[in-house]
Amino acid sequence: MKVDSTVQKYIEFDKVNLIVLSHIFPRKSAPTYGTFVEEQVQALKKKVRGEITVISPIPWSPRFLWFRKKWREYGQVEKESVRMGINVRYKRYVLIPGKFFLPIEGFLMYLSVRSLIKTLIKANKSRIILHAHTVLPDGLAAIFLKKKFGIKIVCTAHGSDINLYPFRTKFIYVMTKYVLRRADALVGVSEKLQEKIRDISQRDDVKVVTNGVNPEKITGNNIRLNTRNLKNDTLSILFVGKLCFEKGIKELLNTFKLLSKEHKHLHLIMVGKNTIPKWIESFIKENQMYDSITLTGPVDHEDLKKYYSSASIFVLPSHIEGMPTVMFEAMANRLPIIISRVGGVEEVIKEGINGLLVEPRSEEELHRKLNLVIKEKSLRDAIGMKAYDEVLSKYTWDHNADKMSFIYKDVLQIN
């Protein structure tokens, strides 16, 4: 995107150091975790002329817990690294397991990163802004840091931290409101999320900064997968995301079972961490679908773009979403998208123009829309091209970084 020279001067400002606080950030053992935060940071690197440091809190994991795969992975996370020129510090904090302890987790995060923040403040005499991703726990830790050191706080809500977590207990709701009321700037990744933030916070100054995509990084340049199950006439349906019931996996597999009986050479590729392996394995075994379903597990961007390039259709039948980054990635690869009417999806996808929308949990509608694009190649091509044009014009990470830069400048009152 070309930026007017006067605008360029406005958004690229000197003597500002950015600290990003996010427990959802990639690491060696989980390279696809929180990539949307890393992509934003990389785009901001072009705009913010000061230092950028990422602090990613990781649960402390003593060795006696390493018999569990998750805790062993926590224990083996590096203490710090440099990722594409950005310094990342993985600070340990004591985690109390349980979905009702988010406010306590936020306070424990604060205790963990406090000394590092103090060091960064002493080392940098220029202005500092701290950008926290998710309201709880990261946003709460950021508010405590604001009270301790007087730094400016921007908080981005991504979905569940507004749609789900505040309604688990009254205490979580109160602490969510506490963060939202005290942040110097609030950001939601969709207009629907913006409205919900306004309802809880009673603030009118909530900004919308939609996630994006780096087309050069995620497009596969027509690289085909070398997979024995994919023949030349195979039409492949791609799902990317965590394999869990909330992502509509049950509805997707039941629908694919019917479609594979109606059409020859269909193949379903499911990319992402499998959190329901026993259920999925039983489904594949009972229906003898070993040759028509591929489970890849988590993959890095280099491999992911091969799956996008080889796919014919992208599907995401989630029950709940904020603004899924994978939607933009599929659009950048000219794929026709079939996706649930959830979160901010309808702000981007227009029915029959740049995608097809389905009601969450509706296997009947999912079957009908998939059947339509399977049968009509001209429709697939037209929708995919329109999606591509849309994402390039509005939804890249450079667009995202431009908007965030304006927010930072407003918070810091830079003229």
Side-chain angles (χ1 to χ4, degrees), residues 19-42 45 52-99 101-102 105-106 108-109 111-113 116 131-134 136-138 141 158-161 211 214 217-218 239-244 246-247 249 269-278 280-281 294-308 324-326 329 397:
I19 301 172
V20 176
L21 179 65
S22 177
H23 75 279
I24 42 176
F25 200 84
R27 46 189 183 264
K28 288 180 182 178
S29 56
T32 62
Y33 185 56
T35 52
F36 53 90
V37 180
E38 183 173 47
E39 291 285 2
Q40 184 185 73
V41 170
Q42 288 298 322
K45 190 167 65 169
I52 299 179
T53 303
V54 175
I55 302 176
S56 185
I58 299 291
W60 172 63
S61 177
R63 281 187 174 271
F64 68 82
L65 292 175
W66 286 19
F67 68 94
R68 295 283 300 274
K69 182 179 179 181
K70 179 179 73 172
W71 288 96
R72 183 169 63 255
E73 191 271 326
Y74 286 152
Q76 294 174 341
V77 171
E78 59 272 30
K79 291 185 178 180
E80 58 184 287
S81 70
V82 178
R83 294 181 60 90
M84 294 180 283
I86 299 293
N87 293 320
V88 186
R89 304 287 293 271
Y90 299 96
K91 293 292 291 181
R92 269 50 178 186
Y93 71 100
V94 177
L95 172 66
I96 301 176
K99 61 183 181 180
F101 296 106
L102 280 172
E105 186 176 351
L108 293 172
M109 274 189 184
L111 295 178
S112 170
V113 305
L116 176 56
H131 187 168
H133 288 268
T134 72
L136 291 180
D138 307 69
H158 289 276
S160 296
D161 49 347
N211 287 346
N214 182 343
K217 187 173 181 179
I218 199 61
F239 168 92
V240 179
K242 184 186 291 185
L243 274 59
C244 60
E246 292 79 10
K247 290 285 186 180
I249 295 301
I269 301 175
M270 305 175 77
V271 177
K273 182 179 180 180
N274 188 356
T275 64
I276 46 172
K278 291 183 179 179
I280 292 178
E281 289 166 8
T294 296
L295 306 175
T296 71
V299 300
D300 60 25
H301 268 93
E302 280 304 306
D303 286 329
L304 181 57
K305 65 184 181 182
K306 296 177 185 178
Y307 289 105
Y308 279 124
T325 301
V326 292
E329 293 176 349
W397 284 115

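Predicted model, so just to flag it, every value in this text is computed and none were measured. One is the number of the first residue; the rest follow in order along the sequence.
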Decide side chain to side chain contact (heavy atoms under 4.5 Å, CB included) for Leu95 and Glu105; before the verdict, give the C-alpha distance in whole Å, the side-chain angles of both, and the deciding distance to 0.1 Å.
CA-CA 6 Å; Leu95 172 66; Glu105 186 176 351; 3.5 Å; yes

Quick one, Tyr308 with Glu329, criterion side chain to side chain contact (heavy atoms under 4.5 Å, CB included). Give me CA distance, side-chain angles, the key distance, then yes/no.
CA-CA 8 Å; Tyr308 279 124; Glu329 293 176 349; 2.8 Å; yes

For Trp397 and Asn211, run side chain to side chain contact (heavy atoms under 4.5 Å, CB included): C-alpha distance rounded to whole Å, both residues' side-chain angles, the deciding distance at 0.1 Å, then the answer.
CA-CA 7 Å; Trp397 284 115; Asn211 287 346; 3.9 Å; yes

Verdict with supporting geometry, Tyr307 and Val240, side chain to side chain contact (heavy atoms under 4.5 Å, CB included)
CA-CA 9 Å; Tyr307 289 105; Val240 179; over 6 Å; no

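The minimum heavy-atom distance between Pro26 and Pro31, with the atom names listed, is CB-O, 3.6 Å. Contact record, Ala141 with Gly106: CB-O, 3.3 Å, taken as the closest heavy-atom pair. Closest non-hydrogen pair, Leu108 versus Val94, comes out as CD1-O, 3.0 Å. Minimum interatomic distance between Ile276 and Asn274 (heavy atoms only, all atoms of both residues): N-OD1, 3.0 Å.
Leu243 CG to Lys273 NZ: the interatomic distance, rounded to the nearest 0.5 Å, is 11.5 Å. Atom CE in Met109 sits 3.5 Å away from atom OH in Tyr93 (nearest 0.5 Å). Separating the CZ atom in Arg63 from the CZ atom in Arg72 is a distance of 11.0 Å, to the nearest 0.5 Å. For the atom pair CD1 (Ile19) and CZ (Arg89), the distance works out to 11.0 Å, reported to the nearest 0.5 Å. One distance of note links CG of Leu65 with CH2 of Trp60; it measures 8.0 Å at 0.5 Å rounding. Rounded to the nearest 0.5 Å, atoms CG (Leu116) and OG1 (Thr53) are 7.5 Å apart.
In this structure, the salt bridge (Lys or Arg N to Asp or Glu O under 4.0 Å) partners of Lys217, at least two apart in sequence or on a different chain, are Glu39. Contacts of Ser112 classified as side-chain hydrogen bond (donor to acceptor under 3.5 Å, both in side chains), with partners at least two apart in sequence or in another chain: none.
Side chain of Ser61 to backbone of Trp71: a donor-acceptor contact under 3.5 angstrom is found. A donor-acceptor pair under 3.5 Å is formed between the side chain of Ser56 and the backbone N or O of Ser22. Using modelled atom types, no side-chain atom of Thr32 and backbone atom of Asp300 make a donor-acceptor pair closer than 3.5 Å. Of the possible donor and acceptor atoms, none in the side chain of Asp138 sits under 3.5 Å from a partner among the backbone N and O of Leu136.
Aromatic pair His133/Phe36: ring centres not closer than 6.0 Å.
Using a 4.5 Å heavy-atom threshold, the side chains of Ile249 and Met270 count as touching. Under the 4.5 Å side-chain criterion, counting only non-hydrogen atoms from C-beta, Glu73 is in contact with Arg27. Considering only heavy atoms from C-beta on, His23 comes within 4.5 Å of Pro137 through its side chain.
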For residues 80-87, which side-chain N or O atoms pair as donor and acceptor with protein atoms under 3.5 Å away, sequence neighbours left out?
{"unit_1": "Arg83", "atom_1": "NE", "unit_2": "Glu38", "atom_2": "OE2", "d": "2.6"}
{"unit_1": "Arg83", "atom_1": "NH2", "unit_2": "Glu38", "atom_2": "OE1", "d": "3.2"}
{"unit_1": "Arg83", "atom_1": "NH2", "unit_2": "Glu38", "atom_2": "OE2", "d": "3.4"}

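More than 12 non-hydrogen atoms from other residues, nucleotides or ligands lie less than 6.0 angstrom from CH2 of Trp66.
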